[in-house]
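When reading the values below, keep in mind they use all heavy atoms of this one structure, side chains included, and skip hydrogens, waters and symmetry mates. Everything numeric here is computed off the predicted structure, so don't read it as measured data. Along the sequence shown, residues are numbered consecutively beginning with 1.
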Amino acid sequence: MPADDTLPTLPCDTTLRGLYTDHHGWLHGWLHRKTGCSHRAADLAHDTFVRLLERDPPRMLASPRAFLTTVAQRVLYNDWRRQQIERAYLDALAQQPEALAPSAEERAIVLETLLEIDRCLDGLPALVKRAFLLAQLDGLTHLEIAAELGISLATVKRHLVRAGTQCFFAMGAA
């Protein structure tokens with residue numbers, strides 16, 4: 001492997017500083033078109049570069065904008081999922097009597113927990129997620145889940161083991 005100073009260079013500086021300097025404005029514009037909000041686009045562009053700070057960006061990029069678009073699309077999707085989960089949680093809270101409303105701190109903790117569960121279950125089929133959530137959040141028995149989902153008891157058990165295993169390994173990787 002050649003020494004770092006002998007690597008060929010591209011016209012675009014692909015260090016993180018170079019990516020930011022050369023492409024932040026373009027990325028902000030791209031995200032603004034996707035979201036329709038300049039402030040949200042600025043937050044997402046920032047989050048995209050924070051994501052790159054968490055790992056080493058490649059030294060050589062043939063297409064820096066394609067690379068940034070891929071990372072930004074993941075950030076945008078995660079933001080969209082977070083908003084979707086937050087809306088569902090707030091809708092569920094609205095159904096509760098005012099006297100049972102959690103404090104702002106409790107709401108934040110529950111929301112972060114829900115987002116972590118969503119990250120742990122990411123990639124599983126919808127039926128596996130649903131079985132897991134019915135067991136964990138609604139407290140249904142295996143037989144009740146089987147009846148609710150119209151699947152066999154053995155399938156419920158398989159789904160719960162699969163979801164539990166994924167959560168176990170996802171928590172270990174975090």
Side-chain angles (χ1 to χ4, degrees), residues 27-28 30-58 66-174:
L27 182 62
H28 178 269
W30 183 84
L31 287 164
H32 185 208
R33 285 188 299 281
K34 293 286 184 187
T35 63
C37 176
S38 181
H39 298 292
R40 189 159 167 238
D43 288 344
L44 293 170
H46 170 79
D47 290 349
T48 299
F49 284 100
V50 167
R51 174 92 42 105
L52 294 177
L53 275 173
E54 295 172 352
R55 63 176 202 207
D56 292 329
F67 172 73
L68 288 172
T69 300
T70 299
V71 176
Q73 283 174 326
R74 291 179 187 143
V75 169
L76 188 60
Y77 173 77
N78 289 339
D79 181 67
W80 175 78
R81 282 292 297 153
R82 179 183 178 88
Q83 287 181 3
Q84 187 179 40
I85 290 167
E86 188 170 1
R87 264 192 310 275
Y89 176 57
L90 292 175
D91 289 347
L93 283 179
Q95 304 301 318
Q96 298 294 321
E98 185 98 12
L100 298 177
S103 68
E105 182 181 0
E106 290 170 324
R107 282 194 309 267
I109 290 169
V110 170
L111 182 58
E112 285 305 313
T113 302
L114 290 171
L115 292 167
E116 186 62 32
I117 291 168
D118 182 63
R119 280 189 289 275
C120 288
L121 297 177
D122 189 40
L124 288 175
L127 201 57
V128 174
K129 289 181 191 179
R130 187 137 182 252
F132 181 79
L133 294 174
L134 287 170
Q136 298 300 314
L137 300 180
D138 295 337
L140 298 185
T141 66
H142 292 183
L143 284 173
E144 291 169 331
I145 295 169
E148 172 79 19
L149 300 179
I151 57 178
S152 72
L153 184 59
T155 302
V156 168
K157 290 178 182 180
R158 261 194 318 277
H159 286 348
L160 295 178
V161 167
R162 184 174 178 191
T165 302
Q166 178 141 335
C167 285
F168 175 77
F169 286 111
M171 296 305 285

Can you list every side chain to side chain donor-acceptor pair (under 3.5 Å) pair that touches residues 94-106, not counting sequence neighbours? Ser103-Glu106

How close do Ala72 and Leu31 get, heavy atom to heavy atom, and via which atoms? CB-CD2, 4.3 Å

Look up atom [atom1] in [X] and atom [atom2] in [Y], then write down how far apart they are to the nearest 0.5 Å.
X: Tyr77; Y: Gln84; atom1: OH; atom2: CD; value: 7.5 Å
X: Thr35; Y: Trp80; atom1: OG1; atom2: CH2; value: 15.5 Å
X: Asn78; Y: Arg119; atom1: CG; atom2: CZ; value: 8.0 Å
X: Glu116; Y: Leu121; atom1: CD; atom2: CG; value: 10.0 Å
X: His46; Y: Arg51; atom1: NE2; atom2: CZ; value: 12.0 Å
X: Arg33; Y: His28; atom1: CZ; atom2: NE2; value: 10.5 Å

Side-chain heavy atoms of [X] within contact of [Y], under 4.5 Å:
X: Val71; Y: Phe49; answer: no
X: Asp79; Y: Asp47; answer: no
X: Val75; Y: Val50; answer: no
X: Leu93; Y: Leu90; answer: yes

When you measure from the side chain of His142 to the backbone N and O of Ala135, does any donor-acceptor pair fall under 3.5 Å? no

Run the side-chain donor-acceptor check on residues 144-156: report pairs under 3.5 Å with partners two or more places apart or on a different chain.
| residue | atom | partner | partner atom | Å |
| --- | --- | --- | --- | --- |
| Glu144 | OE1 | Thr141 | N | 2.8 |
| Glu144 | OE1 | Thr141 | OG1 | 3.4 |
| Glu148 | OE2 | Arg130 | NH2 | 3.2 |
| Ser152 | OG | Thr155 | N | 3.1 |
| Ser152 | OG | Thr155 | OG1 | 2.8 |
| Thr155 | OG1 | Arg158 | NH2 | 3.0 |

Using the test side chain to side chain contact (heavy atoms under 4.5 Å, CB included), find all partners of Ile85 that sit at least two apart in sequence or belong to another chain. Arg81, Leu111, Leu114, Leu115, Asp118

Run the side-chain contact (heavy atoms from CB on, under 4.5 Å) check on His159 and Leu134 step by step: do they pass? CA-CA 11 Å; His159 286 348; Leu134 287 170; over 6 Å; no

